[in-house]
Number of protein chains: 4
Amino acid sequence: MDKKEQIIGVATQLFAERGFQNTSVSLICETAEVSKGLVFHHFKSKQELLREIFSRTTELIKDINAADPSCSTPQAQLKDMLESFFAGLAANKSLFQFNLNMMLQPFTRSILQDLIDKRAAFLLQSVRRIFEEIDPENALVLSYGFIAELDGMALHYFSIYEDYPLAEMKNHLLKKYT
Amino acid sequence: MDKKEQIIGVATQLFAERGFQNTSVSLICETAEVSKGLVFHHFKSKQELLREIFSRTTELIKDINAADPSCSTPQAQLKDMLESFFAGLAANKSLFQFNLNMMLQPFTRSILQDLIDKRAAFLLQSVRRIFEEIDPENALVLSYGFIAELDGMALHYFSIYEDYPLAEMKNHLLKKYT
Amino acid sequence: MDKKEQIIGVATQLFAERGFQNTSVSLICETAEVSKGLVFHHFKSKQELLREIFSRTTELIKDINAADPSCSTPQAQLKDMLESFFAGLAANKSLFQFNLNMMLQPFTRSILQDLIDKRAAFLLQSVRRIFEEIDPENALVLSYGFIAELDGMALHYFSIYEDYPLAEMKNHLLKKYT
Amino acid sequence: MDKKEQIIGVATQLFAERGFQNTSVSLICETAEVSKGLVFHHFKSKQELLREIFSRTTELIKDINAADPSCSTPQAQLKDMLESFFAGLAANKSLFQFNLNMMLQPFTRSILQDLIDKRAAFLLQSVRRIFEEIDPENALVLSYGFIAELDGMALHYFSIYEDYPLAEMKNHLLKKYT
DNA sequence: CATGAATGAGCTTTCATTCAT
DNA sequence: CATGAATGAAAGCTCATTCAT
């Protein structure tokens, strides 16, 4: 019944499925069954709504990608990270799609620039912390490679290959990194 | 003097820099210094223009990603492919950006669906042919992993990390695969 | 102050005077002193606006053509019908013109197909009911002939003959049918 | 092979079926398989093409409506006129439709004003000549009434009633006027 | 006689946003 | 908090017409 949350939920879904520019405020209103005035009462602009949503998803992403700090070995932490990443891929499909969309579309990227930078730095940092324990000399390159593989797979899974062998790819990575 | 090519060139650039939906036909016309009517004389619609451009870039991508068939060993072929991929990344920045944009934006993806599918299948195939010689059993997974790494790096290089260590990543991959 | 009615009134007038296709939405807006956006806020499309107008005029036409049911003889009913038809012709000039235009222009006819059919059936029916009492055997042909004469005169009066002798034609018909 | 005639023929057909404003020069060119330049080589403008066509159809209409001057009695002349009118209705459907369209659409009417006036005067004149012999006192009203009936029936037959009883109406008129 | 590239004005429609209620 | 009428700019696209070849 909280209409503000209703708007956010519907907008997230629609932005993920149709892209930001291809989703009009009118469509959001119809889908969420609220008036146009209300959207602009709660959010200064359509772009502000997007930023609110992106911020929220950053928190979710952080949770999903967080390595369990209680794990003793870095390998176990990587394993944990991979497990939750692949679990998230399947479970929060539209959330991942939303993020890829927003970060790659030049228009939305410019709106979200600062938020994207912060999130990307955080993710790199949390991976790097693990690789520093494994191979301090190559930690940065290894970290970049690791997340490149993950993001590349997400990209292929969501947008390119219809029958992507997600389970096999996960096992492949698990073998490789642990 | 060939205004049709002029339109295609300008549109490619603008679509890459600003995205498809954020690039109006008017902007293309102003930039290319042609009339609006001419665009629709040569292309049935803005979407048809996009498809023409995407088809052309597919040919370019094929050339860039083509492994030298004269290379004796599969490792040499992979090396060759990596070299031309990273050379292309730097040289044809806007072309790569264009492709990532179009494939990830839901709206453009739906317009280009069939062309994307064909291209993706071709690229997978050309990589797979090499891995079949190296490790027939895991060829498919290895191929998917390989292109995931490449695409993931492209994605990070273009859209996420400002100071991406492209040269180091290239060396990292060369060591790993050859 | 009711801008929606303002739009409908202006559009009816302009459609009648200039035809549907020769009346741009911009012209309607300028004349009605409303913004372009408002027209499409109230009507899904220009065609939808036309349908709304046509439906409304059907009601008016029904009123005008309605025979007084209190008249005892069918001849009196015909007389009544003729009187109100010719009164309407002179008084509601643009309304009749509008109707002829819309029904004869292939483009508008296709848009209004169903509405035209319903209205035509209704008018035929209400005339036929009278002729059934006069000459049941030839009622249908007489009815068709009757409305052919009326519509033919309207057509000539509005669109063809500059100095149409409307009064004389009315007397001619009154003599003939009563 | 005479491309000018080809253009005229195609344009007549299309104007009749779709209306003048709803038929673009491009469509005429595609259908007639000629270039746009050629249309404007032969006709100064689209409106000029319309006038040429309308002039030509006037001649055809005159032929169809012409009473055989060899007929001895005015009744026989009326009969002859009715016969050829109804024959024409069925045989030259698109020609009649074209004429009704052009005369009723405000935009085309203004283009063809002078031609319409001349034709209408001619038709009235040729009918009147007959009625002058039958009933000189009421000749004008009878003439207007006669052509009103004919045009009204044409209008209903082409544009309003799907199952118009054309044959019965013809017999009705024949009985009435002969 | 014939082509088709090129133009520019104008078309219908969409959209983010404002504001009185 | 909530509505929806109202705006005005900009979008994609059509079209009659011109002109170099």
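Because only heavy atoms are used, hydrogens play no part in the values below, and waters and symmetry mates are left out as well, while side chains stay in. In the text below, chain A, chain B and the rest are named by the order of the sequence lines, each starting its count at 1.
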Over how many whole Å does the gap from A:Leu50 atom CG to E:dC15 atom C1' extend?
17 Å
Go through the steps to decide whether D:Asn101 and D:Thr108 satisfy the test side chain to side chain contact (heavy atoms under 4.5 Å, CB included), and finish with yes or no.
CA-CA 8 Å; D:Asn101 283 183; D:Thr108 48; over 6 Å; no
Under the rule for salt bridge (Lys or Arg N to Asp or Glu O under 4.0 Å), what residues qualify as partners of C:Arg109, not counting sequence neighbours?
none
Roughly how many Å is it from NZ in C:Lys3 to P in F:dA6, rounded to a whole number?
6 Å
Return the residues of residues 10-19 of chain D meeting this criterion: a heavy atom under 4.0 Å from some atom of DNA chain F. Order them by number, or give none.
none
Just to verify, what does C:Lys44 make a side-chain contact (heavy atoms from CB on, under 4.5 Å) with, not counting sequence neighbours?
C:Glu48
Going by side-chain contact (heavy atoms from CB on, under 4.5 Å), name the residues that satisfy it together with D:His42, two or more places apart in sequence or in a different chain.
D:Lys4, D:Ile7, D:Leu38
Stems in DNA chain F: runs of 3 or more consecutive Watson-Crick or G-U pairs, distances under 3.5 Å?
E:2-21 with F:2-21
C:Ser94: partners by side-chain contact (heavy atoms from CB on, under 4.5 Å), with sequence neighbours left out
C:Gln13, C:Ala16
Considering all heavy atoms of both residues, which atom of D:Cys29 and which atom of D:Val39 are nearest to each other, and what is their separation?
SG-CG2, 3.7 Å
Taking the side chain from D:Lys46 and the backbone from D:Thr23, do they hold a donor-acceptor pair closer than 3.5 Å?
yes
With D:Lys62 as the cation and D:Phe122 as the aromatic partner, state whether NZ or CZ is under 6.0 Å from the six-membered ring centre and within 45° of the axis.
yes
Hey, can you pull the residues of residues 103-116 of chain A with a non-hydrogen atom under 4.0 angstrom from DNA chain E?
none
Just how far, in rounded Å, is C1' of F:dA9 from NE2 of C:His41?
18 Å
Send over the distance from D:Ile7 CD1 to E:dT3 C1', rounded to a whole Å.
12 Å
Atom pairs under 3.5 Å, N or O on each side, protein against nucleotides 13-17 of chain F: can you list them with distances?
unit_1	atom_1	unit_2	atom_2	d
F:dC13	OP2	B:Lys46	N	2.8
F:dA16	OP1	D:Lys46	NZ	2.8
F:dA16	OP2	D:Val25	N	2.7
F:dT17	OP2	D:Lys46	N	2.8

Of the listed nucleotides (F:dT7, E:dA5, E:dA2), which one gets closest to any side-chain atom of D:His42?
E:dA2
Does D:Phe20 have any ring pair (Phe, Tyr, Trp, His ring centres under 6.0 Å) partners at least two apart in sequence or in another chain, and if so, which?
D:Phe15
Suppose the criterion is salt bridge (charged side-chain N to carboxylate O under 4.0 Å, His left out): which pairs have a residue in residues 96-106 of chain C, not counting sequence neighbours?
none
Going by side-chain contact (heavy atoms from CB on, under 4.5 Å), name the residues that satisfy it together with C:Glu52, two or more places apart in sequence or in a different chain.
C:Ile8, C:Phe43, C:Arg56
Restricting to salt bridge (Lys or Arg N to Asp or Glu O under 4.0 Å), what partner residues turn up for A:Arg51, sequence neighbours left out?
A:Asp114
How many Å lie between CD on D:Glu30 and C1' on E:dG4, as a whole number?
13 Å
Output, in order, the C-alpha distance, side-chain angles, deciding distance and verdict of side chain to side chain contact (heavy atoms under 4.5 Å, CB included) for A:Phe98 and A:Ile53.
CA-CA 10 Å; A:Phe98 169 82; A:Ile53 291 175; 3.4 Å; yes
Mind calculating the distance between CD1 (C:Ile28) and C1' (E:dT13) to the nearest angstrom?
13 Å
